[in-house]
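Working notes, structure below.
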Amino acid sequence: MINFKKYLRQSPNFLAIFIFAVFMLAHTSILLEIGQSVGAFPQHINYVFAFFTVGSIGGRLTAFMYNIRFNSRQIMVGCLVLLAGLALSMWWCSSLIMLYLIFTCSGYLLGIVYIQANKNLMESDIKNKGRLANIGLSFYPLGASLAPLAASLLVRHGFNWQLIYILTIPLIVSTIILFMCLSPASARPQLEPKDQMPLKELFGDRKHNLAYTLVVLMVLTYCISEAIVFTWMPTFLRAERGFSLQSAGAVVTIFWWSVIGGRMIVGLITSRIKTFKIMLSISILGAISVVFMALSTPAYLVYTFTALAGLGYSGLFPLMVSSGTQIFKQSRGIIITIIFAASSLGKAITPYIIDLSSRLSLFFSVIMAAVFMALTVILLIIFSQSRASFIFMYRK
């Protein structure tokens, strides 16, 4: 039985994840308009994704440091207040350098927010962490699908591109209010000394280290595969399959909405079906669907396999996060930080993988998504054999 009140108390963390996706991907549909505004080519504007990701990695790697001195509410509110200021500064953004700077700083703040939000979820009193992770992380694809759509609609109706970021300010303020009202009002840091452990002692068990390393590698390969699908597949379909801009854009929308639906389904069945069976089934579905998506020519088949791919990619990442954080009982702030840093690293190196593989052919470059998902399947099978994974991989 789901306790809806407990999930409602996590709403500010859900919104924080949503805001992360909005800032990260809202610009992807309006590169031309931003380029005209700041006097730069669209491909140069697209580098804001890299600057945001680099900032995000920095935020994620240093997030645990703030827990030593501040509690969760102080960290989240402080970062969100600064983020609102950066969103407002977008209105006066008139140069490429300023754009890069704003995205790097917002990436850093949101990297901290993202880590803290997920840490809050994993340390909540909700017992089914697999279901909670799937619900919470569904807000990322929700933001990823709605933000570019909202940005393109605003620009199409004659508004300045900066308005999409100005409109995030009321959302940020609402999230701050929810944190003030729903999160614990403890004045102490959330991570007390007893919850921390020296790294040498924390990583002293080889079996646990092996299991955790496999989780980190799975996150890395999975995120590369996912990023290829949502950043490169539309370009492939336009160049090789003759899709229009609208049709190729619909593929991304279908993918993310299928991810959301899949995560909701996985969240409901995690208490009934063994975690390993869910992860193995959906990862294989994702790998196969991407191959057929790239091979298909008619739009209806591409859309069908896109929806299936979204289901395959849906619940895997949240279940990897919940699995990795349960290997160690202490210092989960550091454990979560490393996992999400691996996810950012995967997305950061994806453009280079696409560039190298596309030199052979565009088809080969999109098939790399299936290759990296297949690597994820192999790592998952190896991980399932480790003793440290037994408790949560084979439970119902």
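Numbers here are sequence positions counted from 1.
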### Summary
Nearest heavy-atom approach of M293 to V229 is CE-CG1, 4.1 Å
### Message
Looking only at the side chains, is there a donor atom on one of T376 and T221 sitting less than 3.5 Å from an acceptor on the other?
### Response
yes
### Query
Where the side chain of S323 meets the backbone of M320, is there a donor-acceptor pair that is under 3.5 Å apart?
no
### Query
Is there a donor-acceptor contact under 3.5 Å from the side chain of N71 to the main chain of R73?
yes
### Query
Is the backbone of F364 close enough, under 3.5 Å, to the side chain of S361 for a donor and an acceptor to pair up by distance?
yes
### Message
To the closest 0.5 Å, what do you measure between CD1 (I75) and CG (L109)?
### Response
12.5 Å
### Side chain proximity check, L121 to I17, heavy atoms < 4.5 angstrom
yes
### Task
Measure the spacing between CZ of F305 and OG of S258 and express it to the nearest 0.5 Å.
13.0 Å
### Query
So, T304 side chain and Y300 main chain: donor-acceptor pair closer than 3.5 Å or not?
yes
#### Entry: Closest heavy-atom pair and its distance - A374, A287
N-CB, 4.5 Å
### Query
What's the shortest heavy-atom distance between A87 and F23, and which atoms?
CB-CZ, 3.7 Å
### Task
Scan side-chain atoms only and decide if S343 and R60 contain a donor-acceptor pair under the 3.5 Å cut-off.
yes
### Aromatic ring proximity, centroids under 6.0 angstrom, Y114 and F340
yes
### Message
Take a 6.0 Å sphere around CE of M98 and say whether it holds more than 12 heavy atoms from other residues, nucleotides or ligands.
### Response
yes
### Task
Work out which heavy atom in I278 is nearest to a heavy atom in L319; give both atom names and the distance.
CG2-CD1, 3.8 Å
### In one Ile/Leu/Val/Met/Phe/Trp/Tyr side-chain cluster, 4.5 Å: V252, M24
yes
### Query
What closest approach, in Å, do S289 and L308 show between heavy atoms, and which atom pair accounts for it?
OG-CB, 3.3 Å
### Query
If every non-hydrogen atom of G262 is compared with every non-hydrogen atom of L311, which pair is closest and at what distance?
CA-CD2, 3.8 Å
### Message
Tell me if the centroids of the rings in W91 and Y165 come within less than 6.0 Å of each other.
### Response
no
#### Entry: Polar contact flag, side-chain donor to acceptor under 3.5 angstrom, S225-Y313
yes
### Atom CZ of F363 with >12 non-hydrogen neighbours under 6.0 angstrom
yes
### Message
Under 4.5 Å between side-chain heavy atoms, counting indirect links through other Ile/Leu/Val/Met/Phe/Trp/Tyr residues: same cluster for V371 and F292 or not?
### Response
yes
### Query
Are L149 and L154 connected, step by step, through hydrophobic side chains (Ile, Leu, Val, Met, Phe, Trp, Tyr) whose heavy atoms are closer than 4.5 Å?
no
### Query
Where does the angle between the aromatic ring planes of F52 and F103 fall among parallel (under 30°), tilted (30 to 60°) and perpendicular (over 60°)?
perpendicular
### Identified ring pair (Phe, Tyr, Trp, His ring centres under 6.0 Å) counterpart of Y140 within the set F230, W256, F18
W256
